[in-house]
S.K.: 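Please find one structure pasted underneath; my questions will follow.
Any value given below was found using the heavy atoms of this structure, including those in side chains, with hydrogens, waters and symmetry copies removed. A, B, ... follow the sequence lines: proteins, then strands. Residue 1 opens every chain.
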Amino acid sequence: MKWSIEVGRYDRSQNPSGPNVHGYPPPYEAAPAKRYQIFEVELDDQAMVLDGLIAIREYQDESLAVRCACRSAICGSCGMWINGKANLACTTKLREVAQDGKVRVESPPSMPVIRDLVSDMTPFWKKNLSVRPWLEGKKPVPQGLEEYRVPNAAMENLIQEVSCISCGLCLMDCESFAINPDFLGPAALAKAYRYADDPRDATVKQRLGDYSQANGIWECTHCYMCVDRCPKGVAPLDQILKLRRMAVDAGFTNNAGTRHALAFAESVRDSGRLNELTLLPKSVGLFNIPAQLRALPTALNMLRAGKMPPIIHHKIPGVDRIKNIFKKVGGLFK
Amino acid sequence: MKVAFWPGCVSKGACPELYVSMQKIAPTLGLELHELTEAPCTGAGVLTEQNPELAYSLNALSLAMAEQKGADLMTICSTCQGVLSGAQHKLAADQALLGRVNGVLADSGYQYRGTTKVKHLLWMLVEDIGLDKLRPLVKRPLTGLAIAPFYGCYILRPEEHLGLLEKPERSTYLERIIELLGGTPVEYFGKSKCCGFPMLTFNADTSLKMAGKHLAEAKTKGADLLVTPCPLCHLNLDGQQPDAAKAINEPLGTPVFHLPQLLGLAFGFSPHELRLDHHVVNTKLALDKVELKV
């Protein structure tokens with residue numbers, strides 16, 4: 001079969017101050033210095049995108065830069081944009097993504113590029129390192145042939161994250177990262193959870209405090225992009241949400257994220273519905289006057305358009321049923 | 001067609017124009033809306049995040065209420081759709097959880113048996129009503145309008161919960177509807193991205209830049225308006241648009257329609273009947289193109 005592969009070409013060494021580095025707003029499409037080049041390859045219908053790229057590099061253009069090693073979704077090297085979505089070239093069949101035999105591959109615009117399909121993963125590794133991805137063992141450290149003993153169940157919570165191959169697909173398409181390059185991002189925070197919930201770690205409280213800071217767990221927008229992008233079922237968002245619960249339980253509640261969740265839960269418990277009128281003021285903090293004032297023009301805009309929720313928040317009929325559920329399951333939080 | 005109608009909190013709160021326009025077009029679509037007036041807020045993912053079992057119990061109650069009405073549950077909110085589908089997915093996969101949840105519901109008068117189908121209006125238009133039945137309803141084709149679809153995260157992701165693995169075409173329904181109504185769909189990256197609303201109250205800067213980025217992209221690609229099946233997206237894209245423009249330091253000014261409003265306009269209802277005069281961003285420029293004044 002004949003496949004037409006359009007490759008985004010770019011060379012940082014030729015554009016040292018080029019535009020294709022992370023900045024706001026990150027470019028969705030070709031930076032001026034990037035050009036697209038179409039290659040035709042002959043491969044059967046079981047071929048992967050990576051097979052196509054290797055065929056191009058071996059037989060048509062040796063200057064094509066593509067990073068790959070294991071070809072079986074273990075090394076995590078060949079993450080790239082395939083038709084505008086971060087994916088592994090080695091596990092994506094051409095026929096699954098090609099439209100009329102055509103497919104476009106390029107490095108994702110959210111990451112700096114070294115050359116062609118090779119992204120500069122420095123931001124990814126920096127983020128990973130910053131969450132202290134190692135155990136700070138509890139004392140006393142087992143001596144000699146002794147080892148830490150932990151129940152199997154405690155490890156089962158961590159298995160999902162342990163499948164991570166550090167391919168970076170989740171970060172490449174992370175919505176919050178696309179706006180805020182300082183956000184720790186899905187992979188690093190999932191890794192953070194893996195250590196924070198390890199019974200052998202002695203620094204859980206400190207970890208949860210660190211991860212609750214700006215650019216941490218409360219900077220995630222909850223869009224599920226990382227869940228769908230992950231080729232290994234790590235579900236980074238789920239791990240971030242576990243960290244949020246752990247942080248709240250550990251008492252790191254003096255932040256707008258926690259206040260938002262609390263105000264939300266109270267409103268549903270007491271009336272069965274969301275009270276939009278009080279959600280924002282309660283989230284930013286009732287005595288945070290500057291933030292309250294900043295929200296005023298928007299509130300007035302909405303009022304003028306007739307879009308304000310009713311001043312008197314009505315309870316749904318049968319609200320006792322809802323209160324009862326809250327009572328039985330227990331509390332607002334875990 | 002009888003449906004158990006779940007309007008969601010926002011259509012009864014800050015986006016009343018969505019509730020009104022849905023009620024307006026329901027008879028035209030042949031939908032008999034039996035509203036779930038005693039169902040609780042889905043928790044919008046916030047409750048699932050802080051206390052999953054609480055959220056599953058509340059959503060099981062809503063699902064059981066629809067079950068008792070003997071009809072599919074219809075949502076008009078991507079977020080409600082996502083949370084209800086997610087809860088349903090968990091409850092179907094975990095019998096022990098279902099047992100505990102039904103234990104919690106024991107004295108509520110409801111038990112969830114797991115038979116409810118939850119469907120967003122957008123899905124019902126294509127899968128239950130059918131495009132062939134919709135076509136003759138178009139009395140005022142939206143010819144000349146460039147319309148940018150904006151799906152909202154929770155009607156697309158996670159794919160496993162939203163039926164996208166079996167029906168990948170669900171990610172193209174908005175474009176199909178736009179074409180059927182006579183408009184021209186605008187192709188842009190932002191259509192399946194996050195509007196930023198979930199973070200608005202605790203991370204306004206990132207949230208507004210997110211909304212601004214997608215609005216600016218749609219505008220650059222020539223959109224006269226955006227259409228969304230999610231009122232929470234609407235709150236950020238329309239309600240917060242002046243602030244989003246400031247956040248990205250670019251002029252915006254693209255109106256955002258709710259899905260029922262777009263349908264209603266093509267079915268011949270007046271903009272006022274559809275509450276198109278209740279938006280923060282003036283809908284006039286877009287409406288002028290189909291020669292209607294607000």
S.K.: Is chain A contacted by the side chain of Val46(B), its backbone, both, or neither, given a heavy-atom distance below 4.5 Å?
M.R.: side chain
S.K.: Where do Thr298(A) and Gly239(B) come nearest, in terms of heavy atoms and distance?
M.R.: CG2-O, 3.6 Å
S.K.: Does any donor atom in the side chain of Thr206(B) or Asn180(A) lie under 3.5 Å from an acceptor atom in the other side chain?
M.R.: no
S.K.: Measure the spacing between NE2 of His279(B) and CE of Met302(A) and express it to the nearest 0.5 Å.
M.R.: 11.0 Å
S.K.: Does Arg245(A) use its side chain to pair, donor to acceptor, with the backbone of Glu49(B) at less than 3.5 Å?
M.R.: yes
S.K.: Quick check on Tyr110(B) against chain A: is it the side chain, the backbone, both or neither that has a heavy atom closer than 4.5 Å?
M.R.: side chain
S.K.: Between Cys153(B) and Cys223(A), what is the shortest heavy-atom contact and its length?
M.R.: SG-CB, 3.3 Å
S.K.: Just jot down the side-chain hydrogen bond (donor to acceptor under 3.5 Å, both in side chains) partners of Ser21(B), sequence neighbours excluded, or say none.
M.R.: none
S.K.: Got Leu61(B) and Ile322(A) here, is their nearest side-chain heavy-atom distance under 4.5 Å?
M.R.: yes
S.K.: Name the region of His234(B), side chain, backbone, both or neither, that has any atom closer than 4.5 Å to a heavy atom of chain A.
M.R.: side chain
S.K.: Between Val101(B) and chain A, which part of the residue has a heavy atom less than 4.5 Å away: side chain, backbone, both or neither?
M.R.: neither
S.K.: Counting heavy atoms not belonging to Lys90(B), are there more than 12 under 6.0 Å from its NZ?
M.R.: no
S.K.: Looking at Pro40(B), Pro158(B), Cys9(B), which makes the most heavy-atom pairs under 4.5 Å with chain A?
M.R.: Pro158(B)
S.K.: Mind ranking Cys195(B), Cys194(B), Ala39(B) by heavy-atom pairs under 4.5 Å with chain A and telling me who comes out on top?
M.R.: Cys194(B)
S.K.: When only pairs under 4.5 Å are counted, which of Gly43(B), Gly103(B), Gly8(B) shares the most heavy-atom pairs with chain A?
M.R.: Gly43(B)
S.K.: Using 0.5 Å steps for rounding, measure from the CG atom of Asn203(B) to the OG1 atom of Thr221(A).
M.R.: 8.5 Å
S.K.: Please find the pair of heavy atoms, one from Met225(A) and one from Arg157(B), that lie closest to each other, and give the distance.
M.R.: CE-NH1, 3.4 Å
S.K.: Closest heavy-atom contact between Arg321(A) and Ser108(B)?
M.R.: NE-O, 3.1 Å
S.K.: Once you round to the nearest 0.5 Å, how far does CG of Leu54(B) lie from CZ of Arg269(A)?
M.R.: 10.5 Å
S.K.: Could you look at Phe197(B) and say if it's the side chain, the backbone, both or neither that has a heavy atom under 4.5 Å from chain A?
M.R.: neither
S.K.: Heavy-atom distance under 4.5 Å to chain A: side chain of Asp238(B), backbone, both or neither?
M.R.: side chain
S.K.: Could you pull out the closest heavy-atom pair between Gly84(A) and Phe189(B), with the gap in Å?
M.R.: CA-CE2, 4.4 Å
S.K.: Considering only heavy atoms and a distance below 4.5 Å, find which of Leu164(B), Asp243(B), Thr48(B), Asp107(B) pairs most often with chain A.
M.R.: Asp107(B)
S.K.: So, taking the atom named CD1 in Ile179(A) and the one named CE in Met210(B), what distance separates them when rounded to the nearest 0.5 Å?
M.R.: 5.5 Å
S.K.: Would you list the pairs meeting side chain to side chain donor-acceptor pair (under 3.5 Å) in which at least one residue belongs to residues 163-172 of chain B, sequence neighbours left out?
M.R.: Glu127(B)-Arg170(B)
S.K.: Taking Leu156(B), Thr42(B), Leu235(B), Val104(B) one by one, which has the highest count of heavy-atom pairs under 4.5 Å against chain A?
M.R.: Val104(B)
S.K.: Is there a side-chain contact between Met199(B) and Ser176(A) (heavy atoms, below 4.5 Å)?
M.R.: yes
S.K.: Sort out for me which of Ala14(B), Gly152(B), Cys41(B) touches chain A most, counting heavy-atom pairs under 4.5 Å.
M.R.: Ala14(B)
S.K.: Which region of Ala44(B), side chain (C-beta onward) or backbone (N, CA, C, O), has a non-hydrogen atom less than 4.5 Å from a non-hydrogen atom of chain A, or is it both or neither?
M.R.: both
S.K.: Identify which part of Asn301(A) has an atom lying under 4.5 Å from any heavy atom of chain B, answering side chain, backbone, both or neither.
M.R.: both
S.K.: Hey, mind stepping through Lys213(B) and Glu175(A) against side-chain contact (heavy atoms from CB on, under 4.5 Å) and telling me if it holds?
M.R.: CA-CA 11 Å; Lys213(B) 177 179 170 182; Glu175(A) 296 278 283; over 6 Å; no
S.K.: Please classify the contact between Ser192(B) and chain A as side chain, backbone, both or neither, with a heavy-atom cut-off of under 4.5 Å.
M.R.: backbone
S.K.: If I compare all heavy atoms of Thr201(B) with all of Ala256(A), which pair ends up nearest, and what's the gap?
M.R.: O-CB, 4.2 Å
S.K.: Check the surroundings of atom NZ in Lys69(B): do more than 12 heavy atoms from other residues, nucleotides or ligands lie under 6.0 Å from it?
M.R.: yes
S.K.: In Å and rounded to the nearest 0.5 Å, what is the CG to CD1 distance from Leu105(B) to Ile325(A)?
M.R.: 5.0 Å
S.K.: Between the side chain of Glu38(B) and the main-chain N/O of Gly318(A), is any donor-acceptor distance below 3.5 Å?
M.R.: no
S.K.: I need the Tyr224(A) OH to His161(B) NE2 distance, nearest 0.5 Å.
M.R.: 7.0 Å
S.K.: Is the NZ atom of Lys102(A) crowded by more than 12 outside heavy atoms at less than 6.0 Å?
M.R.: no
S.K.: Taking every heavy-atom pair that is under 4.5 Å apart, which of Asn275(A), Val227(A), Val268(A), Val319(A) has the most such pairs with chain B?
M.R.: Val268(A)
S.K.: For Arg273(A), is it the side chain, the backbone, both, or neither that has a heavy atom closer than 4.5 Å to a heavy atom of chain B?
M.R.: both
